[in-house]
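In what follows, every chain begins at residue 1, and chains take the letters A, B, ... in the order their sequences are listed.
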4 protein chains.
Amino acid sequence: MPASPLLPSLDSPHRRKGEQTAERILDAAEALFAERGYAGTSLRDVAARVELRIPSLYNHFPSKDALYAAVLARGIGPVLELLAGFAAAPSESRDAGAVIERVMAILRRHRNLPKLIQHETLAGGPRLTPMLREWIAPVFGRAGEMAETAPGAGRWAPEQLPLVVIAVYNVLVGFFTFAPLYQALNGDDLLTDARLDHQTRILREVVAALFPEVPIER
Amino acid sequence: MPASPLLPSLDSPHRRKGEQTAERILDAAEALFAERGYAGTSLRDVAARVELRIPSLYNHFPSKDALYAAVLARGIGPVLELLAGFAAAPSESRDAGAVIERVMAILRRHRNLPKLIQHETLAGGPRLTPMLREWIAPVFGRAGEMAETAPGAGRWAPEQLPLVVIAVYNVLVGFFTFAPLYQALNGDDLLTDARLDHQTRILREVVAALFPEVPIER
Amino acid sequence: MPASPLLPSLDSPHRRKGEQTAERILDAAEALFAERGYAGTSLRDVAARVELRIPSLYNHFPSKDALYAAVLARGIGPVLELLAGFAAAPSESRDAGAVIERVMAILRRHRNLPKLIQHETLAGGPRLTPMLREWIAPVFGRAGEMAETAPGAGRWAPEQLPLVVIAVYNVLVGFFTFAPLYQALNGDDLLTDARLDHQTRILREVVAALFPEVPIER
Amino acid sequence: MPASPLLPSLDSPHRRKGEQTAERILDAAEALFAERGYAGTSLRDVAARVELRIPSLYNHFPSKDALYAAVLARGIGPVLELLAGFAAAPSESRDAGAVIERVMAILRRHRNLPKLIQHETLAGGPRLTPMLREWIAPVFGRAGEMAETAPGAGRWAPEQLPLVVIAVYNVLVGFFTFAPLYQALNGDDLLTDARLDHQTRILREVVAALFPEVPIER
DNA sequence: GATGAATGAGGATTCATTCAT
DNA sequence: AATGAATGAATCCTCATTCAT
């Protein structure tokens, strides 16, 4: 029996179009939230970017906050999965180089993500905390533990280890967050493919320098 | 000769009190801008924090924008002077360790500064660009040049050098910007004196690892 | 073919109601701008008069300035068309009496118009100038030319003619602008139908006196 | 005995300077009120024009309203005296031409006055009414009476007479109020001495045309 | 007499949200 | 699903005024 027109099947054109719209809204919102932060982004801007009127946004997301959460979730999800996979792997088979490579690959396609996260980090605030408990906390907890059990960890005192992990994290994220300023200063775009390759290499070397004994595939 | 009543002397009570108030406004604004960014900070919040009514703010700063610029200028000034001094020093007498120490000392007293700068960096925007040309640009220009002529520069290809400098910069700034998130996750405050000592040490080691031949006083 | 729901037909209830509201806003604004001028009129007053909240005004006009411009355009349009028609008519068929009659008829229905124009005239300012070039300038230019080619023009030196035209204009407008003061002084309302008839007659006689040879139908 | 420094005589430099300041404030306020009306003029503007700070204005006038009233009084006084003198003169010795000449002379020196009055007229409102009763009312009352008893009055029906007087008044005032618009349109300044001579002449002719039997000295 | 600082009231405008269509 | 209209709350900012100096 074909789906009744009143109950459209999961991928009827209707539904597809609706999801497409939601996706377009997420895209627009992601770019704007990344550039201007939550407070600096108005639904008016988002709507204009999607070429919709504001109330239409409410057909897809129940509030600005929910839209923001959705943007964050969509962006952060893949990264967390990757990290979780890495953390879960047996310690011998962890290859730092591969993770760096794959994280960079994700960020290349989602260049807004680091800025988005950085905005949240700076706010350090209420909107973030709920998501933290669920997503970031375990990963960063694992990261510390990983580092502790990692071969090269001997170089750092236990209470220094989290700080070193944070340092690496900031080097990674920083390439993206610093890009617009760099461009304003020098005219160069740090986010071209060539530059991103450089950054990947630098990141590898930074990790190699900080954790001399961690295996890293060349 | 007594000061004419028409031209109040430089330290008339008026002036002194006014300057004090302006300073208090700057303090309040700095904290709020750092935490919530420009768009997320309302003059209402600032005024409440200084225990003034909103219009009084306008007796000291002509607009929110001007207040923001003043906050930025006051905060960034000393750091830039320090860096400029370092950049101007003859290359043999440059001691990376000393600079790290002194930058950290400044940031310890102005803990909002890195967040402030980070917000601006993320915005990458119009409010920043004018200041950039004047202040940051020459320093970062010098930083690149410094690194090139530095003994350890040989380790990096010329086009990689700016990226490495940026990496160090991000490690430094990142300790401060990541602090609130870290606290929300783990309950630990990264900005205690003990922790900041750790970070200083880590930063030195990062620099040592990245520029193995740069002299660094222990 | 039924109208698509995405493109509401020209007289959807939405549109009709919206236009009605816009018209009511224009009415209220016209009265207030006429009485108190631009600076003296607050959107709060306008909104109160239409029984709306202030932000609703922005659903119909993007700014106070735009509302003002719309008021002016709506009011001045018909008069200018009338004058343009008169100016375009062949000189023999021009009947000063008829124009006076018809201008008075318009102003009777739009009694705020003269005050509105007078406010603008006094400001002599930036808000006016753009509209002037487009609307008023050509008409007044024609007015001068008309007067020159008119039979009675011989009475006045060419450089006096514009001044005489202005004089007539001021007599006409003055009846309306002076009315509130007159009422405050004497208690009489100059804008009753009877009084307006008088004024029309006086205006005719003034024109007859100033241009003795211009044909004027009785 | 010379005036003690504690009790400065009426025209001590102290007092003189004070009065001078008040006069300068009046000048600035007159120009601004004339151009922008009461609501459109801020004390900030006035103070800036006198190169004082706002609170200093309050040393000379107790409120914005009082300043406005003072501007009006200072400007209108001479005109009213002139008219009063004319009205009081025995009817045979009245010479319309002389009055026109002298009113124009006053307005030439006080070009803001007509605009000022026109603003008030348009407001027709509360700020005006108190002054009206005292100043303008009697004069206009007399004007009507004068016109009635004047030789040429026979031309007009009694109830038309006030309207005719108003017409003349508007011709006179209109030259000044229309000037800025005219200048914006044509680039010509209507308030040059030559133009004002023309206007005086036109005004005489208008009066002559409207009151053919009124004596008017050539 | 002049002014810096402070402020209550109000200015225009934006924002996120709701609802009827 | 899309949108015009409406709105309470909040935005930045201006204004007239006061007061201590």
Exercise. Can you tell me the distance, in whole Å, between the CG atom of C/L57 and the P atom of F/dG8?
Key: 13 Å
Self-check item: Any C/H60 side-chain N or O less than 4.0 Å from OP1/OP2 of F/dA6
Solution: yes
Self-check item: Contacts of C/N59 that satisfy side chain to side chain donor-acceptor pair (under 3.5 Å) - sequence neighbours left out
Solution: none
Exercise. Flag the pair A/L67 / A/L26 as yes when at least one side-chain heavy-atom distance between them is below 4.5 Å, and no otherwise.
Key: yes
Self-check item: Side chain proximity check, C/Q118 to D/Q118, heavy atoms < 4.5 angstrom
Solution: yes
Practice problem: Round to a whole Å and report the spacing from CD1 of A/I25 to P of F/dT3. | Solution: 10 Å
Quiz item: Which whole-number value in Å describes the distance from D/D65 CG to F/dC15 P?
Solution: 16 Å
Quiz item: Looking only at atom types and distance, does a side-chain atom of D/K64 sit under 3.5 Å from a main-chain N or O of D/T41, one as donor and one as acceptor?
Solution: yes
Self-check item: Among E/dT13, E/dT17, F/dT17, the nucleotide that comes nearest once only the side chain of D/K64 is considered
Solution: F/dT17
Quiz prompt | Side-chain heavy atoms of B/L116 within contact of B/H119, under 4.5 Å | solution = no
Quiz prompt | Range-with-range stems of DNA chain F (Watson-Crick or G-U pairs under 3.5 Å, three or more in a row) | solution = E:2-21 with F:2-21
Practice problem: Check for a donor-acceptor pair, side chain of D/S56 on one end and backbone N or O of D/L52 on the other, with a separation under 3.5 Å. | Solution: no
Exercise. Apply side chain to side chain donor-acceptor pair (under 3.5 Å) to B/R74 and list each qualifying residue two or more places apart in sequence or on a separate chain.
Key: B/E23, B/D27, B/E30
Quiz prompt | Gap between atoms CZ and P, on A/R24 and F/dA1 respectively (whole Å) | solution = 14 Å
Quiz item: To the nearest angstrom, how far is A/Y68 atom OH from E/dA16 atom P?
Solution: 14 Å
Quiz item: Which ones in residues 42-56 of chain D lie close to DNA chain E, meaning a heavy atom under 4.0 Å from one of its atoms?
Solution: D/L52, D/R53, D/P55, D/S56
Quiz item: Taking the inter-plane angle between the rings of D/F33 and D/Y38 on a 0 to 90° scale, is it parallel (under 30°), tilted (30 to 60°) or perpendicular (over 60°)?
Solution: parallel
Practice problem: Taking only the side-chain nitrogens and oxygens of D/T41, find out if one of them lies under 4.0 Å from OP1 or OP2 of F/dC15. | Solution: no
Quiz prompt | Rounded distance (Å) that lies between atom C1' of E/dC15 and atom CG of A/L32 | solution = 15 Å
Quiz item: B/Y58 has an atom OH; how far is it from atom P of E/dA9, in whole Å?
Solution: 19 Å
Mind listing the side-chain donor-acceptor pairs of residues 43-50 of chain A below 3.5 Å, one per line with the distance, residues two or more places apart or on another chain?
| from | atom 1 | to | atom 2 | distance (Å) |
| --- | --- | --- | --- | --- |
| A/D45 | OD1 | A/S42 | OG | 3.4 |
| A/D45 | OD2 | A/R36 | NH1 | 2.9 |
| A/D45 | OD2 | A/S42 | N | 3.4 |
| A/D45 | OD2 | A/S42 | OG | 3.2 |

Quiz item: D/F61 has an atom CZ; how far is it from atom P of F/dT18, in whole Å?
Solution: 16 Å
